[in-house]
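Each chain gets a letter, A, B and so on, in the order its sequence line appears, and its residues count up from 1.
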Protein chains: 2
Amino acid sequence: MAFMTENPPKKPSKSDRTRAQILEAARLLFAEHGYEGTSIRDVAAHASIDPAMVIRYFRSKDELFARAAVVDLKLPALRVIDRNAIGETLIRRFLEIWEGPASGPGMAILLRSATSNEFAAEKLRDVFGNQVRPVIAAAADPADAGRRAGLVSSQLLGLAMCRYLLRLPPVVALSHDEIIQNVGPTLQRYAVGEA
Amino acid sequence: MAFMTENPPKKPSKSDRTRAQILEAARLLFAEHGYEGTSIRDVAAHASIDPAMVIRYFRSKDELFARAAVVDLKLPALRVIDRNAIGETLIRRFLEIWEGPASGPGMAILLRSATSNEFAAEKLRDVFGNQVRPVIAAAADPADAGRRAGLVSSQLLGLAMCRYLLRLPPVVALSHDEIIQNVGPTLQRYAVGEA
DNA sequence: TGCATTTGTCAACGACCGTTGGCATATGGC
DNA sequence: GCCATATGCCAACGGTCGTTGACAAATGCA
């Protein structure tokens with residue numbers, strides 16, 4: 001067997017480069033065209049490699065998608081957030097995640113395929129259950145953290161859909177300041193506003 | 001040529017029934033599994049008919065999808081809406097569209113496929129440009145109606161995604177009253193709130 | 001009853017898909 | 001240089017897809 005999946009500390013071997021190229025091409029294409037709209041052959045062509053190699057490095061298309069669709073929102077630690085600025089904090093982090101240089105296209109990959117691919121949908125539900133909900137739960141009564149996190153998610157997810165996937169012109173045209181000033185208060189009310 | 005597409009006033013002929021059955025099956029499946037996830041053979045099986053008939057009645061899968069993806073939000077006429085209750089009016093109509101018995105699955109069809117099918121995306125942009133925007137434009141300064149309609153759309157589209165497509169549990173659990181009380185004020189502010 | 005038109009079934013086509021196994025080439029330790 | 005291994009290409013498989021054309025059954029008018 002020729003796979004040593006877990007960290008062998010030193011080995012930037014030849015294969016690791018192509019492996020990374022394949023994964024990068026896959027993340028790009030999955031983010032842009034979704035799971036069904038991206039073929040193994042497309043990924044291979046983008047990585048300048050034979051389709052068979054994609055299968056050799058990742059065992060199947062499903063496994064490749066799973067490797068490509070990892071998301072870490074890196075939301076601010078629970079106690080660092082100012083309760084009175086949680087709305088602004090969330091929307092600022094949102095813009096970094098979707099437009100900042102550091103973050104990859106992980107969320108785009110999930111959101112693009114979540115409507116027609118159950119694995120992506122489940123993964124997206126996990127993100128909001130394990131990464132968004134805890135932040136809200138730490139800032140307000142944990143009893144209705146689910147309700148509040150759900151409302152926050154609906155606004156953020158809708159904004160992402162309109163701005164980055166559907167590319168609704170007036171939403172694309174919004175400046176960062178406009179988004180912060182308009183959506184920030186909404187999130188603030190959803191997260192910690194009156195019951 | 002055997003198609004008389006435009007109203008021949010009296011003819012509930014045999015074919016019109018199967019034609020309707022095919023369209024109904026298509027709307028159901030497109031709404032549930034999206035464009036790429038629904039095959040002509042699936043539609044035919046659901047309509048208890050041969051796949052070739054689907055092509056004979058509608059000329060191609062694209063044309064079938066176009067016929068299935070018609071949407072009329074039937075938003076209240078421009079001057080009937082109370083400016084101070086436009087948020088509540090919009091969210092109530094939203095719930096009727098998505099859960100009421102009268103409205104079909106038109107929006108679900110569009111939203112389900114909009115992330116991976118450019119035709120559906122364009123159609124959805126049309127809906128918000130031709131049906132949502134005018135309502136907002138009539139209620140506030142038409143100059144920034146685009147911005148306001150975009151914000152309204154982001155919230156409504158996100159709520160639909162979370163509740164009906166992604167089925168995020170805490171959002172599914174929301175009662176109609178909770179939705180109206182929480183999302184209504186958001187839409188009110190987006191539509192006519194302070195600049 | 002005859003016959004033309006409609007309505008439906010069946011088999012097959014070419015294309016694309018994910019995936020596989022065999023075979024060539026390059027690499028790197030001995 | 002020798003050879004095991006890693007890396008890569010190629011051709012093909014079985015399957016599903018949208019779509020087509022030929023043919024059978026039903027329908028309705030003369």
> Are B:Q188 and B:V152 close enough that some pair of their side-chain heavy atoms sits under 4.5 Å apart?
Replying inline: no

> Whole-Å distance between C:dT19 P and A:I55 CD1?
Replying inline: 4 Å

> So does B:R167 pair up with B:E32, basic N to acidic O under 4.0 Å?
Replying inline: yes

> Whole Å only: how far is the CZ atom of A:F30 from the C1' atom of C:dG18?
Replying inline: 12 Å

> Are B:L174 and B:L187 connected in the hydrophobic side-chain network, where two residues link if heavy atoms are under 4.5 Å apart?
Replying inline: yes

>> Please list all pairs meeting salt bridge (charged side-chain N to carboxylate O under 4.0 Å, His left out) that have one or both residues in residues 135-144 of chain A, counting only residues at least two apart or in different chains.
In response: A:D144-A:R147, A:D144-A:R148

So which protein nitrogen or oxygen atoms get under 3.5 Å of nucleotides 7-9 of chain D's nitrogens or oxygens?
residue: D:dT7; atom: OP1; partner: A:S15; partner atom: N; Å: 3.1
residue: D:dT7; atom: OP1; partner: A:S15; partner atom: OG; Å: 3.1
residue: D:dG8; atom: OP2; partner: A:T18; partner atom: OG1; Å: 3.4
residue: D:dG8; atom: OP2; partner: A:Y57; partner atom: OH; Å: 2.9
residue: D:dG8; atom: N7; partner: A:R56; partner atom: NH2; Å: 2.4
residue: D:dG8; atom: O6; partner: A:R56; partner atom: NH2; Å: 3.2
residue: D:dC9; atom: OP2; partner: A:D50; partner atom: N; Å: 3.0

> Does B:E118 pair with B:R125 as a salt bridge, N-O distance under 4.0 Å?
Replying inline: yes

>> How many whole angstroms separate atom CZ of A:F58 from atom P of C:dT20?
In response: 16 Å

> Could A:E96 and A:R92 be called an ion pair, given the rule that one side-chain N must be under 4.0 Å from one carboxylate O?
Replying inline: no

> For residues 34-47 of chain A, which residues have at least one heavy atom under 4.0 Å from DNA chain D?
Replying inline: A:R41

> Hey, are the side chains of B:I86 and B:D82 touching, using non-hydrogen atoms and a 4.5 Å cut-off?
Replying inline: no

> Is NZ or CZ of A:R19 both nearer than 6.0 Å to the six-membered ring centre of A:F58 and within 45° of the ring axis?
Replying inline: yes

>> In this structure, how many angstroms lie between the P atom of C:dG18 and the CD atom of A:E63, rounded?
In response: 15 Å

> What integer distance in Å separates B:Q21:CD from C:dG8:C1'?
Replying inline: 13 Å

